[in-house]
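This report concerns only the one structure given below.
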Amino acid sequence: MKRTFFTAVTLLILQFSLAQTSLTAKDMADYQNKLMIAELNLTEVQTEAVEEINLKYAIQQKALIDKEGSMFGKMGDMKKIKKEKNAELEKVLTEAQLEKYEDDLEPKIRKYLRKNM
């Protein structure tokens with residue numbers, strides 16, 4: 001009886017602690033904004049546009065992540081979101097900024113999100 005109770009309490013604590021570490025869409029966008037502003041030397045106009053784009057697509061990504069099903073099954077939708085986001089970023093960033101974003105920042109962002117989701 002004590003063992004069952006202890007197991008149940010442990011599972012509840014684990015579930016509670018995991019729920020607290022999950023990022024919100026705003027957290028995801030904020031991380032991307034800070035990284036992009038620092039690394040890409042964005043102008044004020046670019047910063048405003050990038051913040052809107054990041055939040056828009058973070059909301060879509062978070063909804064997809066929280067949706068039932070395996071991550072493998074969601075890969076196609078994630079790639080579509082990434083493609084749409086990059087198309088919008090192409091309109092805002094310079095060619096050099098976009099190249100740095102795709103080569104350097106996207107891998108950092110993916111690593112951060114995988115670690116914290």
Taking all non-hydrogen atoms of both residues into account, name the closest pair between Ala58 and Ala25 and its distance.
CB-O, 3.4 Å

Group every Ile, Leu, Val, Met, Phe, Trp and Tyr by side-chain heavy-atom contacts under 4.5 Å, then state whether Leu55 and Met36 land in the same group.
no

Checking side chain to side chain contact (heavy atoms under 4.5 Å, CB included) between Glu51 and each of Asp30, Ile37, Leu42, which is the one that passes?
Ile37

Side chains of Met28 and Ile59: closer than 4.5 Å at any heavy-atom pair?
no

Let me confirm one number: the CD-CG distance from Glu48 to Asn33, rounded to the nearest 0.5 Å.
11.5 Å

What distance do Gln60 atom CD and Ile81 atom CD1 have between them, rounded to the nearest 0.5 Å?
5.0 Å

For residues Leu113 and Tyr31, determine if any side-chain heavy atom of one lies less than 4.5 Å from a side-chain heavy atom of the other.
no

Tell me which pairs pass salt bridge (Lys or Arg N to Asp or Glu O under 4.0 Å) where either residue lies in residues 107-117, with sequence neighbours left out.
none

Result block: side-chain N/O donor-acceptor pairs under 3.5 angstrom for residues 61-68, not counting sequence neighbours:
| from | atom 1 | to | atom 2 | distance (Å) |
| --- | --- | --- | --- | --- |
| Lys62 | NZ | Ser22 | OG | 3.1 |
| Lys62 | NZ | Leu23 | O | 3.0 |
| Lys62 | NZ | Asp66 | OD1 | 3.3 |

I need the full list of salt bridge (Lys or Arg N to Asp or Glu O under 4.0 Å) pairs touching residues 92-107, with sequence neighbours left out, sorted by first then second residue.
Glu39-Lys100, Lys82-Glu106

Is it the case that the side chain of Glu88 and the backbone of Glu84 share a donor-acceptor pair, with hydrogens and angles ignored and the cut-off at 3.5 Å?
no

Let me confirm one number: the CD-CD1 distance from Gln46 to Ile53, rounded to the nearest 0.5 Å.
10.0 Å

Take Leu105 and Leu40 through the side chain to side chain contact (heavy atoms under 4.5 Å, CB included) test and state the conclusion after the steps.
CA-CA 9 Å; Leu105 302 185; Leu40 300 178; 3.7 Å; yes

Rounded to the nearest 0.5 Å, what's the gap from CD on Glu90 to OH on Tyr101? Could you check?
11.0 Å

